[in-house]
Amino acid sequence: METLEGNQIHVIKPVLPKLNTLFEYAVSEENGCWLFHPSWHMCIYKRMFESENKILTKEGVTHFLELYETKSLPFSPELSEFIVGPLMDALSESSLYSRSPGQLVGSGSPLGLKLQKFLVTYVSLLPEEVKSMCQQRGGFLLTFVQRMTSRHWCAVPILFLSEALASVPRCKVLGVEGLLALRDVVQCTMITHQILLRASAQCYLLQTAMNLLDVTQQVCWPEHTVGEAWAVTMASALREKVSLCDVSTFLMSLRQEESLGRGTILWTELCDWLRVNERYFRQSSIGGSDGLCETSLNAYVKSLVHECVQSPAWETGESCSMPDGSEARLTALMVLLAVDVEGRKAQHSEKQRTQNVLRIFLDPLLDALGKLGTNAYMPLLRTDRCLQLLVRLLHTCGPRGSRTQDDEVSALLQDFVMTASESMAQFILRRLAMNELQSIADLDRCQLYLMVFTELTNLHVKMGWKRGNPICRVISPLQNTSIQHLQESDNGQELTLGDQVQRVVSMATLAAVCEAIDQQPVLQPDSLDAGPVDRFLSAFPFNQMLQKPRCQEHSRVFEESSSSQGWGKIVAQYIHSQWVCLSFLLRRYHTLIPAPESGALEPYLPAVQMPGHTLQSALDALAILPADRVLPVFRCMKVLVPKLLTSSESLCTESFDMAWKITSSLSNTQLTFWPNFKAFVQFVFDNKVLTIAAKVKGQAYLKIKEIMYKVVEMSAIKTGVFNILISHCCRSWIVSAPSRPQRSLSGAQDYSELVLEACVFGPVFRRDQRLIQDVQAFIENLGHNCAANVVLENSKREDCYVRICAIKFLCLLDGSNIPHKLFLEDLTLKLLDKDELVSKSRTRYYENSLQHRVKNRIWQTLLVLFPRFDQHFSNGIIDKIFQAGFTNNQASIKYFIEWVIILMLHKFPRLLPKFWDCFSFGEERLKTSVCTFLSVLPHLDIIIENIPEKKPVLKQALIVTLQWCLSHNFSVRLYALVALKKVWHMCKALCVEECDAWTKVIEGSLSQAESMHGAGNAKRNWQRIQEHFFFSAFHPLKDYCLETIFHTLPRLSGVAEEEWLSLSKFVSFTDVPSDAASPWYLPQSPLSVLSPGDWAQQDAGSHPGEEEDQPEWADVQRKIIPCGLSADVDLEPGFQHRAARLGKSVSRLIVVASLIDKPTNLGGLCRTCEVFGAAALVVGSRQCASDRQFLHLSVSAEQWLPLVEVKPAQLTHYLQQKKAEGYTIIGVEQTARSSSLAHFCFPEKSLLLLGNEREGIPASLIQQLDVCVEIPQQGVIRSLNVHVSGALLIWEYTRQQLRQRATPHPECLASPRSSEVPG
């Protein structure tokens, strides 16, 4: 415990093995009982868990979780309480779950794995006494789960706790209370906005419920089995059996769109669990009139369907609100589960059974749906619930994963629904067209009817569209009656609330019909001739508002529907529907939009043929619509802006600006931001818009550039934004490449900055952000084993996909195509300028810093672009590449620069003279950067491969290498020797006679290098540099591929793992097609099997893991804590009383420092006085204790030491007073009669007066002293610092007092006051 007070991991870690010894001695070997109560051990762990040092907390948690890996400890209720108490509190810290150094991304949290093993082992080792095993486990696990609901958890801890619970082997220990606790934990997971993490936690909690839930029996047992408090908790674990109603309620707490998707492995496991336990569930009464008791799953589901579709007894009239849909959601879920359970039973019997069961379940629903069109008196709430159930069935039924195409249940359900489609279509037509929707509550019903209409339309298209089908027959009447209602309401008369509701319904109906026609090509007419509906919509006054209801009607708006958010929401829906219709018109008749130079004709489709007026109306709509309703307005702008950019640039620029403001304001709203942002990008960064704006180079061009950089800036805090932008642009730039190669990059050439930013994109995240990304990668690596990966669509929003998209786009470009070539050359120059700018911004930068990563990405991109360079362009950029080699770079950057130089010299040997010039600069400029150019020479055989005359090149290489072998820098000499060895080997192979005169010198130098045995690590470094991958295994030509550039080389050069881009990520990103001609990977590269290593690393003498291998250290560092101070001690009582409470030893020494000015000296003295137990420290002003420098030196000593304020002018009186109290006044000063500290004996009641830093003790105060003491000196300097002087005397006083208490010294018994007063 004393060691833990140090709070330093390097001090504490060696002590942890001692805990293992304590546990071994605390357990009896004979009977396995505790000899030493485990609470003492828990005190140590609790102290570690509560440390402010999170590294120490992690070490403590890890050590505790490893306890049961090597030893089996007896059960103790206190140990269980500690697990569900302090341990779980410690586990709530997210940073504990970070990866270990060197651990691969996506491999999972080491602490999470240890937590799994611990929980499994601990639960399995709980005692198995008579009737107690199940209860012990149930009580502990129930308390564990309930503890998870007692606080707000972050996403990461609750995920790994849920995973640990799910890993506990099946044991039936939890009842209804446990299931309720698990449901509460599910609600805790909903707090986080990390969708993948919360979805995965839900999956694990469902697995936990299936593993631990007991549905077989009801158990009540005495509460005196184990301790009173613990028994109460355990006794409540299994008092009541679980019913199917309890299970279905728990399943409803899960989000089906995130975790419980049909067709996943988890869904199959749930079906199997229901099948096995079906007969054990407690009987539950489903609220029918007959009060029928249900015991089987099928009967329970039949009752649910019957309850859902029957007419509610509490229905009061036609104006009642629509049901919230939760009952339909529950019923649909249980129907599909029950059908799939029957399917699992029928795997080895007849398949007809599934169809029969589904038919039995849905008969009441299909019967009600079949009567909708003919029974006008069917209760309204019954129709609502039937249609809600239908929609939920269709939405939930679609399987996820591999079963999507051949799912039998989906096909059966669609067939059943088709039989009632005629009735439903007629019902929808009647309700929407016959003025039956008159209240605010009916607006929600309108949305439900339109959802059913959309589902039926999709179903008919999927099953094979036929002319004259029920949907086809109602589309035209729906359009005509809706137009009729809208025209009737424009007759100038004052509208009632019912009239305005019908107006909203009619416009929403037209919008739904337009969307259905737009999305289903079979519904679109062959001719583009505008019909009455199109003409009406085109002439409709868009942004038309609704009259606000009169006072009495306005109150009804809020009384009728609790789901409505007021009249403003209704008006927004009305305007939104208008723009949905207009968006359909503009896309359908975009060819009729007139060109700017065309003459004005009488328009028969005004909204289409008057684009300027329509765009202005769109701006007005953006000003009045809420941000989550602007999507159709953006779609209209996408059609209008390209037509108007030349003639109405200011209007288009205004639309860009307003659209960006609205979109950026939604950045914290997940559900609405992404659809709106995608629509915004599609309209502002449309290829036609980019091309026209770049051609004009006006306001619009500048605004687009401004927005582009704002998007890049936003992407640093909102992951995925840049992904959408670059993906859209790259797709639009390459889509026309095969058909129009000369114009394919017309929109890209003026926006190469966007591709540049994408190539170097990737912020350095904070530690908490990296943790989230690591955990998400871990979940994604689980694949189909985690249902969340199947249910949730992978949006590819990780930052790495920005670079992948840009690289795949660049790989598709053809260097022989002139526009492509110009674009690539422009991008290359910008990359080199970017590298130079980064180098100048910071001369030295840390490994894996943002500067390092940006430069790394720049040179990776340049390597990808290199094959497209020609001789002329290479001549122009080679100087910049050489200049980059002269700068101070990290290892990975050097490798890339060297690789580029080798490839360019190999392809263009004419550049060799410029290369040799790089060695002609003075050593002062080159310093160690010459190593970059020397590293190129070992690959000289590749460079001169295509040169006919190789001997002159080899001779020049020998001259250069021999010159640098004489460098005073050891690293330079090593690189030069490696180059010399390789070049000399080539010279001998080619028999270069001109070099024979150098044979003796070169052979001697190489021989000496091979046999060097000097001091330090010279020989070892010589061996390491020869074995380094860049000189031993790397081949610049054979290893040229994307895998080497983006994964292998970064891995071998020590770049952070998040910078490694594996080929699997390139393959999985399908937004941009892959270029088959590009070298992707090499199946047999020697580099793939190498491990990272650097020959230049320091020899530390030991490895980090060696500490952990030592079982226990003989001696460890320990901080001295004389009083055992507690943080909980009250600071208010007086110092003397406080010291007595703490058992602190206080001497009778008073230190007077009123003459000292500097707070640093005062703070140090305060700390010294407190450590050695002085009675008080006298200062000139107590305000010094609030000084920052004082506090920095005192480290809280002022809280434990009395500070007495005596101003310098009051010192004479104060000293006389203390002299009267029996104190000896001792001055620390050099005087004519001062005593040496070596021979002075301090009285017990001593007052030590310290002088000023510059002037010492004034003469007036020296006369008040009883004695002056000086410190013997051996040096030249006249005096010591006042704090040091005081500390020496304080220690000498303390030493003498301690010695006197042990053996009183006779010389120290008499006071020296009379004999040693200075004259």
Side-chain angles (χ1 to χ4, degrees), residues 1-19 41-67 82-105 107-119 147-148 150-164 188 191-192 194 197 201 764-778 846 848 1056-1058 1104-1105 1107-1108 1116-1119 1121 1126-1128 1195-1196:
M1 290 290 288
E2 290 179 346
T3 303
L4 291 176
E5 294 298 329
N7 215 27
Q8 294 172 312
I9 188 61
H10 72 277
V11 176
I12 296 166
K13 197 170 183 179
V15 184
L16 294 181
K18 290 182 177 292
L19 280 174
H41 300 82
M42 300 306 106
C43 287
I44 300 175
Y45 286 114
K46 190 172 187 294
R47 173 64 184 83
M48 297 176 72
F49 294 170
E50 295 174 351
S51 172
E52 295 180 358
N53 187 341
K54 297 307 177 186
I55 300 178
L56 175 56
T57 303
K58 186 174 183 177
E59 285 292 336
V61 171
T62 301
H63 192 273
F64 183 85
L65 296 179
E66 291 174 344
L67 281 178
F82 180 81
I83 293 171
V84 298
L87 177 62
M88 290 192 69
D89 289 338
L91 290 171
S92 65
E93 175 58 44
S94 298
S95 61
L96 303 183
Y97 300 90
S98 58
R99 285 185 295 126
S100 301
Q103 189 181 4
L104 295 177
V105 173
S107 54
S109 166
L111 188 73
L113 182 60
K114 291 182 184 296
L115 179 60
Q116 286 185 58
K117 294 180 179 178
F118 169 80
L119 197 59
R147 181 70 175 177
M148 292 175 66
S150 64
R151 64 184 304 150
H152 294 295
W153 295 83
C154 296
V156 174
I158 202 168
L159 169 68
F160 285 107
L161 284 169
S162 303
E163 183 189 27
C188 293
I191 298 175
T192 177
Q194 302 292 340
L197 270 61
V764 178
F765 290 105
R766 300 191 311 267
R767 188 174 300 175
D768 58 329
Q769 294 172 319
R770 291 200 305 269
L771 175 62
I772 294 293
Q773 291 185 333
D774 289 343
V775 177
Q776 288 180 337
F778 162 67
Y846 295 104
N848 290 317
E1057 191 181 349
E1058 53 263 31
E1107 283 186 5
E1108 301 176 0
V1116 295
Q1117 194 179 126
R1118 181 177 67 89
K1119 297 293 183 183
I1121 306 173
S1126 170
D1128 298 329
V1195 290
S1196 79

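Only heavy atoms go into these numbers, but all of them, side chains included; no hydrogens, no water, no symmetry mates.
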**Student:** What distance do S150 atom OG and M88 atom CE have between them, rounded to the nearest 0.5 Å?
**Tutor:** 7.0 Å
**Student:** Look up atom CD1 in I158 and atom CD in E163, then write down how far apart they are to the nearest 0.5 Å.
**Tutor:** 13.5 Å
**Student:** Nearest 0.5 Å please: distance from the CZ atom of R99 over to the OG atom of S107.
**Tutor:** 6.5 Å
**Student:** If you round to the nearest 0.5 Å, how far is CD of E93 from CG of L111?
**Tutor:** 11.0 Å
**Student:** Show the nearest heavy-atom pair for residues F82 and M42, with the distance to one decimal.
**Tutor:** CD2-SD, 3.3 Å
**Student:** Do the two ring centres, one from Y97 and one from F778, sit under 6.0 Å apart?
**Tutor:** no
**Student:** Identify the heavy atoms of L771 and S94 that sit nearest to each other, and give their distance.
**Tutor:** CD2-O, 3.1 Å
**Student:** Give me the one residue out of S51, P110, S98, S95 that meets side-chain contact (heavy atoms from CB on, under 4.5 Å) with K58.
**Tutor:** S98
**Student:** If I compare all heavy atoms of L159 with all of A201, which pair ends up nearest, and what's the gap?
**Tutor:** CD1-N, 3.7 Å
**Student:** May I ask you to check whether Q773 and E1058 show a side-chain donor-acceptor distance below 3.5 Å?
**Tutor:** no
**Student:** Counting only heavy atoms not in L113 (residues, nucleotides, ligands), do more than 12 fall under 6.0 Å from its CG?
**Tutor:** yes
**Student:** How close do L96 and L91 get, counting heavy atoms only, and between which atoms?
**Tutor:** CD1-CA, 4.4 Å
**Student:** How far does CD of E66 sit from NZ of K117, to the nearest 0.5 angstrom?
**Tutor:** 9.0 Å
**Student:** Within the structure provided, determine whether H63 and Y45 are in side-chain contact (heavy-atom separation under 4.5 Å).
**Tutor:** yes
**Student:** Main chain of S92, side chain of W153: is a donor-acceptor contact present, judged purely on distance under 3.5 Å?
**Tutor:** no
**Student:** Under the criterion side-chain contact (heavy atoms from CB on, under 4.5 Å), which of D89, L87, I83 is the partner of R147?
**Tutor:** D89
**Student:** Quick one: OG1 on T57 to CZ on R47, what's the gap to the nearest 0.5 Å?
**Tutor:** 9.0 Å
